[in-house]
Amino acid sequence: MELKVVRRRGADGRIPVRTLDRGASSSAAAAEPTGYPGGPYDTSLLVKYEHHVARHIWFGEERGPKKELKVAGHGLKLNSRVPLALPPQMESWVSRSGLASLQRTSLNKIDTNLVSAFVERWHLETSSFHMPFGEMSITLDDVACLLHLPIRGIFWSPQDVTEELAVELAVDYLGVSQSQAQSHVRSCRGSYYKLEWLYDIFVHHRAASSWAYATRAYLLMLVGSTIFADKTFTLVEARYLLLFRDLDGCSGYSWGAAALVTLYRYLGDASMYSCKQLGGYPTLLQCWIHEYFPTVGKRGENWNPAGNCGLPRAMRWSYRQGVLKVDDLRPILDELTPTDVIWRPFEDHRAWRVFDEICLYRGCLKWGETVVPYLPDRCLRQFGYRQYVPSPPLDCMMATDIDVDWISYHQSVVDVIGSSSVATTPFEVVDGYLEWYYRVSHPRLVPPHRDAPREVPVPVYDAGPSDPDWARVSTLIRRYLRQVNAEEEDPQFSDLFEALHISRSH
């Protein structure tokens with residue numbers, strides 16, 4: 001199958017208006033929004049693009065001396081704090097909470113360059129990464145498979161916690177003295193607890209067989225080091241202790257949605273040019289990249305999926321130090337095609353995590369006061385459906401019945417997949433999708449030839465290798481050919497072009 005998507009971009013990276021809609025009238029073309037150099041023509045979708053890091057990167061403007069973000073990763077510390085086995089009294093509560101898998105999923109270190117390169121393609125308006133061939137996102141299904149967190153359940157409503165209440169909560173639910181709690185909260189300069197302090201409380205109460213206090217301190221430390229990690233790198237919000245007041249009832253929350261809401265929020269912040277840090281659970285993001293993009297970055301593999309025993313898929317991966325910096329990775333991501341993606345990486349994991357149709361819910365997700373749009377209709381290829389031009393994103397500021405919408409998700413699922421059909425190839429899109437996408441987005445972050453402007457053809461996407469090894473061969477050959485500005489008629493490169501053809505048809 002061949003998707004005939006031959007379009008030419010000018011030196012500014014944009015497609016001339018006349019090539020986008022051949023049937024459009026001259027008056028319609030005249031009314032075309034001017035957009036941004038290297039960015040969208042039509043600015044109705046990415047309304048915050050003016051402040052997005054991608055707009056600045058196009059002109060060679062970096063966030064600061066360090067091009068990569070500062071990323072909160074607690075893997076090494078958490079591994080030293082999680083015991084090999086918990087006392088049975090605690091193990092029962094931790095297991096029922098739905099959070100037990102978080103004890104073992106964290107990467108020891110994070111590839112900040114790899115993570116930063118993907119953050120630069122995130123847009124908070126669409127809750128998605130804008131790749132050269134369309135949008136992709138971290139979905140509820142990805143969270144379920146990577147972390148084995150429950151995705152069904154209730155959302156937690158916001159509750160304001162003052163410093164005085166943070167002290168009371170620590171006394172009542174962590175079993176510390178009034179003076180100790182006051183001194184600690186005062187040292188945090190806000191309604192927070194230090195992760196190290198929570199660990200010490202856990203150790204103390206475990207030794208004293210005060211199981212409820214020990215379990216609350218342990219669970220709060222666990223979520224504060226993973227799905228609720230913030231940009232302080234050392235603190236967790238005291239209000240999250242309210243989640244564990246009833247240790248028998250905390251299993252009712254949608255922890256998967258909580259992880260996704262928190263990460264979406266921090267991705268949105270970090271995609272802005274002025275931001276230099278990323279909060280949330282970076283292990284979730286990096287392992288998502290490893291699953292979907294086998295040719296990008298360094299992947300350390302602990303086991304083969306075919307031989308696993310039902311462990312969370314994040315545990316498949318281990319940290320390997322990459323040699324590529326974020327500015328090396330940008331042109332690599334610019335050159336990716338749909339054949340470089342494993343669109344449905346978890347099909348061999350369904351014996352342990354069956355696909356749940358609630359993952360196709362289109363609506364708002366919330367956790368506390370944070371509300372984000374969850375839009376699976378923008379990344380349908382990840383669910384095995386043909387990608388169509390999606391509806392405009394939701395305005396979560398106007399959402400009033402999020403909990404009701406979440407419970408009655410069935411209609412939104414019907415709406416999402418009712419306009420599509422099962423894909424015949426893993427990356428199938430409907431006619432007109434890519435033309436629309438190139439109007440409203442930015443397939444590239446880096447001008448292909450900044451010093452010698454000329455028209456650059458957008459790649460023709462044909463059916464290529466789905467095997468990761470062959471996909472990597474294809475990517476490496478194509479990358480080299482583009483680096484040396486090779487043309488197909490150049491005799492010295494004929495063998496490489498033939499190799500490229502073989503790899504893409506294998």
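What's counted below: heavy atoms across the whole structure, side chains too, no hydrogens, waters or symmetry copies.
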Neighbour count above 12 (heavy atom, 6.0 Å) for [X] [atom1]:
| X | atom1 | answer |
| --- | --- | --- |
| E62 | CD | yes |
| R189 | CZ | no |
| K231 | NZ | yes |
| K298 | NZ | no |

Taking S420 for its side chain and R386 for its backbone only, find out whether a donor-acceptor pair lies under 3.5 Å.
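Yes; judged by distance alone, with no hydrogens or angles, the pair exists.
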
Can you say whether the rings of [X] and [Y] are parallel (under 30°), tilted (30 to 60°) or perpendicular (over 60°)?
| X | Y | result |
| --- | --- | --- |
| H52 | H442 | tilted |
| H184 | W197 | parallel |
| F129 | W122 | perpendicular |

Any salt bridge (charged side-chain N to carboxylate O under 4.0 Å, His left out) pairs touching residues 103-112, not counting sequence neighbours?
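Sorted pair list comes back empty.
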
Under the 6.0 Å and 45° cation-pi test, does R216 pair with Y173?
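Not satisfied by the 6.0 Å and 45° rule.
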
L149 and I227: side chain to side chain contact (heavy atoms under 4.5 Å, CB included), yes or no, with the steps?
CA-CA 10 Å; L149 292 177; I227 59 176; 4.1 Å; yes

By side chain to side chain contact (heavy atoms under 4.5 Å, CB included), which residues pair with [X], not counting sequence neighbours?
| X | value |
| --- | --- |
| C396 | C364, V371, P373 |
| T112 | E68, V71 |
| S97 | L99, L219, C250 |
| H51 | M272 |

Decide yes or no for [X] and [Y]: does some side-chain heavy atom of the first lie under 4.5 Å from some side-chain heavy atom of the second?
| X | Y | answer |
| --- | --- | --- |
| V416 | F383 | no |
| L222 | F202 | no |
| L198 | Y218 | no |
| L242 | V161 | yes |

Go through F233 and L195 one step at a time and tell me if the side chain to side chain contact (heavy atoms under 4.5 Å, CB included) criterion holds.
CA-CA 9 Å; F233 302 167; L195 297 172; over 6 Å; no

For the residue pair W343 and F133, is the inter-centroid distance of their aromatic rings smaller than 6.0 Å?
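Yes; F133 has its ring centre under 6.0 Å from that of W343.
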
Do NZ/NE/NH1/NH2 and the carboxylate oxygens of [X] and [Y] come within less than 4.0 Å?
| X | Y | result |
| --- | --- | --- |
| R381 | E428 | no |
| D348 | R313 | yes |
| K77 | E196 | no |

If you measure only the distance, is there a donor-acceptor pair under 3.5 Å linking the side chains of [X] and [Y]?
| X | Y | value |
| --- | --- | --- |
| D142 | T139 | yes |
| Y192 | T232 | no |
| E357 | Y409 | yes |

Distance-only check: which donor-acceptor pairs under 3.5 Å involve side-chain atoms of residues 259-266, not counting sequence neighbours?
| residue | atom | partner | partner atom | Å |
| --- | --- | --- | --- | --- |
| T262 | OG1 | A258 | O | 2.8 |
| Y264 | OH | S137 | OG | 3.2 |
| Y264 | OH | I138 | O | 2.6 |

Reported CG-to-OH distance for the pair L220 and Y240, which is rounded to 0.5 angstrom:
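The OH atom of Y240 is 10.0 Å from CG of L220, to the nearest 0.5 Å.
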
Rounded at 0.5 Å granularity, tell me how far CG in L174 sits from CD1 in I201.
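Rounded to the nearest 0.5 Å, the CG-CD1 separation comes to 5.0 Å.
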
Please determine whether ring pair (Phe, Tyr, Trp, His ring centres under 6.0 Å) holds for the pair W367 and W255, giving the CA-CA distance in whole Å, both sets of side-chain angles, and the decisive distance to 0.1 Å.
CA-CA 9 Å; W367 192 253; W255 292 115; 5.7 Å; yes

Go through the steps to decide whether W406 and R152 satisfy the test side chain to side chain contact (heavy atoms under 4.5 Å, CB included), and finish with yes or no.
CA-CA 9 Å; W406 174 245; R152 287 182 179 263; 5.5 Å; no

